[in-house]
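See below for the structure under consideration.
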Protein chains: 2
Amino acid sequence: MSTNEPLDLWLLDVELLKKLVVGIGEVSEITGVPQRQIRYWEEKGIIRAVKEGEGTTRKYDYLSIKKILLVKELLDDGYTLDAAAKKVEDRMRTVTEVFKKLADRTETANE
Amino acid sequence: MSTNEPLDLWLLDVELLKKLVVGIGEVSEITGVPQRQIRYWEEKGIIRAVKEGEGTTRKYDYLSIKKILLVKELLDDGYTLDAAAKKVEDRMRTVTEVFKKLADRTETANE
DNA sequence: CAATGATTGTAGAAATATTACAATTTACGA
DNA sequence: TCGTAAATTGTAATATTTCTACAATCATTG
């Protein structure tokens, strides 16, 4: 399927992707979930922001945004917030695993 | 090499990746290039930020950050800023192409 | 209806980022 | 060494974005 694997790997640069954390405003724009709601979900322990220190602003990484999108989807499907959270948890486990594997692969391949 | 291609593709979600734009502070942290310098490079037309409207803050996407990292590397190697910019331009052309291909692939595979 | 879950509103303060003007440093050929 | 253009850096005043905290509003269901 892939005819140029090395370039693909270079392009992905999962290490960089992991560092890409965006502000709540952006996340809201991207996902369509209001800032207020995102903070609320965080309050409830469903989402976790990457705080970089005390008295700073929230930052969200790729996986968190993915998670927010999933929760939103499930809510639209009629799930309860807690139920959605639980279901998403399972899904994220798999994703995170693949993410790690991918990271390992590119880590050794990229330099 | 990849034993679980569908999941990999789902994980990548290039569409999402394209929307991931981060503030200049983050970019500075990630790349190690001072904010001031990033703005300067932009002034010179080497970097391009994704402004989301008039009178708003700068945002940078994955490829821009990649670019900043490349420029920085070349500068450290003794290149002139203009020379570095030119060299990076070539490299980015390839990257952008692959990026597009990747996007096409996942676009059709993900929903 | 009452109670719980989920969301939304907002003021005032804190954190981040912007612009614009200017100074400083570096590299290098005359 | 001097001049000069390139490159970087400093910063004050202003603008934008985000934070917290307290509270109100809907919706669902027993």
Side-chain angles (χ1 to χ4, degrees), chain A residues 19-62 64-65 67-89 92, chain B residues 19-62 64-65 67-89 92:
Chain A
K19 289 190 212 149
L20 268 202
V21 295
V22 320
I24 196 170
E26 268 310 315
V27 175
S28 179
E29 289 239 331
I30 291 172
T31 63
V33 179
Q35 299 189 18
R36 194 64 186 72
Q37 197 166 14
I38 294 173
R39 290 200 193 94
Y40 173 67
W41 292 356
E42 192 175 333
E43 218 172 80
K44 307 237 64 168
I46 291 166
I47 307 294
R48 191 153 62 253
V50 185
K51 281 255 191 181
E52 338 219 67
E54 278 313 298
T56 57
T57 60
R58 277 171 251 263
K59 295 286 152 71
Y60 300 89
D61 59 17
Y62 182 91
S64 297
I65 298 175
K67 199 167 174 182
I68 291 173
L69 283 169
L70 284 178
V71 171
K72 179 193 169 157
E73 235 177 78
L74 293 179
L75 283 190
D76 286 347
D77 281 0
Y79 279 77
T80 237
L81 187 55
D82 285 337
K86 207 162 288 174
K87 198 170 171 71
V88 161
E89 214 46 60
M92 290 308 290
Chain B
K19 290 190 212 146
L20 271 201
V21 294
V22 320
I24 197 171
E26 269 310 316
V27 176
S28 180
E29 289 237 331
I30 290 172
T31 62
V33 180
Q35 299 190 17
R36 194 64 186 74
Q37 196 166 12
I38 295 174
R39 292 200 191 94
Y40 173 68
W41 291 358
E42 192 176 334
E43 217 172 81
K44 305 239 65 172
I46 292 166
I47 308 294
R48 191 154 61 252
V50 186
K51 281 253 189 180
E52 339 219 66
E54 277 312 299
T56 57
T57 59
R58 276 171 251 259
K59 295 288 153 67
Y60 300 88
D61 60 15
Y62 183 91
S64 296
I65 298 174
K67 200 168 173 181
I68 291 173
L69 283 169
L70 284 178
V71 171
K72 177 191 171 162
E73 233 176 80
L74 293 179
L75 282 190
D76 286 348
D77 280 1
Y79 278 76
T80 238
L81 187 54
D82 284 337
K86 208 161 287 175
K87 198 170 171 71
V88 161
E89 214 47 60
M92 291 308 290

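Atom set for the values below is all heavy atoms of this structure, side chains included, hydrogens, waters and symmetry mates excluded. To find a chain, count down the sequence lines: A is the first, B the second, and so on, and within it residues start at 1.
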Write down the protein N/O and nucleotide N/O pairs, taken from nucleotides 2-8 of chain C, whose separation is under 3.5 Å; answer none if there are no such pairs.
from: dA6(C); atom 1: OP1; to: L81(A); atom 2: N; distance (Å): 2.9
from: dT7(C); atom 1: OP1; to: Q37(A); atom 2: NE2; distance (Å): 2.8
from: dT7(C); atom 1: OP2; to: W41(A); atom 2: NE1; distance (Å): 2.9
from: dT7(C); atom 1: O5'; to: Q37(A); atom 2: NE2; distance (Å): 3.2
from: dT8(C); atom 1: OP2; to: Q37(A); atom 2: OE1; distance (Å): 3.4
from: dT8(C); atom 1: O4; to: R36(A); atom 2: NH2; distance (Å): 2.7

Exercise. What heavy-atom pair brings L75(A) and A84(A) nearest, and what distance separates the two atoms?
Worked result: CD2-CB, 4.3 Å
Problem set entry | Side-chain heavy-atom pair M92(B), L70(B) within 4.5 angstrom cut-off | yes
Exercise. Which salt bridge (Lys or Arg N to Asp or Glu O under 4.0 Å) pairs, counting each pair once, include a residue from residues 69-81 of chain B, with sequence neighbours left out?
Worked result: none
Seminar exercise, completed: Rounded to 10°, the angle between the first-five-pair and last-five-pair axes of the helix from dC1(C)-dG30(D) to dA30(C)-dT1(D) is 30°
Problem set entry | Value in whole Å for how far the P atom of dA7(D) lies from CG of D76(B) | 14 Å
For this session: Find out whether V21(B) and V22(A) are in side-chain contact, i.e. whether some heavy atom of one side chain is under 4.5 Å from a heavy atom of the other.
Result: no
Problem set entry | Where at least one partner belongs to residues 47-57 of chain B, residue pairs that pass side-chain hydrogen bond (donor to acceptor under 3.5 Å, both in side chains), sequence neighbours excluded | none
Between the protein and nucleotides 17-19 of chain D, list the N/O to N/O atom pairs that are separated by less than 3.5 angstrom.
from: dT18(D); atom 1: OP1; to: G25(A); atom 2: N; distance (Å): 3.1
from: dT18(D); atom 1: OP2; to: Q35(A); atom 2: NE2; distance (Å): 3.4
from: dC19(D); atom 1: OP1; to: R58(A); atom 2: N; distance (Å): 2.7
from: dC19(D); atom 1: OP1; to: R58(A); atom 2: NE; distance (Å): 3.0
from: dC19(D); atom 1: OP2; to: R39(A); atom 2: NE; distance (Å): 2.9
from: dC19(D); atom 1: OP2; to: R39(A); atom 2: NH2; distance (Å): 2.7

Review item, nucleotides 23-26 of chain C N/O atoms under 3.5 Å of protein N/O:
none

Problem set entry | For Q35(A), side-chain hydrogen bond (donor to acceptor under 3.5 Å, both in side chains) partners two or more places apart | R39(A)
Problem set entry | Heavy-atom side-chain contact between L20(A) and Y62(B) under 4.5 Å | yes
Problem set entry | salt bridge (Lys or Arg N to Asp or Glu O under 4.0 Å) contacts touching residues 22-37 of chain A (sequence neighbours left out) | E26(A)-K59(B)
Seminar exercise, completed: To the nearest 0.5 Å, atom CD1 of I46(B) lies from atom CD1 of I38(B) at 12.5 Å
Exercise. Under the salt bridge (charged side-chain N to carboxylate O under 4.0 Å, His left out) test, which residues partner E89(B), sequence neighbours left out?
Worked result: K67(B)
For this session: Indicate yes or no: at least one non-hydrogen side-chain atom of W41(A) is less than 4.5 angstrom from one of K44(A).
Result: no
Exercise. Is any side-chain heavy atom of T31(B) less than 4.5 Å from a side-chain heavy atom of Y60(B)?
Worked result: no
Problem set entry | Test side-chain hydrogen bond (donor to acceptor under 3.5 Å, both in side chains) applied to S28(A) - qualifying residues, sequence neighbours left out | none
Listing time: all N or O pairs from protein to nucleotides 24-29 of chain D that are below 3.5 Å?
none

Exercise. With sequence neighbours left out, which residue pairs that include part of residues 78-88 of chain B fulfil the salt bridge (Lys or Arg N to Asp or Glu O under 4.0 Å) condition?
Worked result: none
For this session: Evaluate the side-chain proximity of V27(A) to V33(A): yes if any heavy-atom separation is below 4.5 Å, no if none is.
Result: no
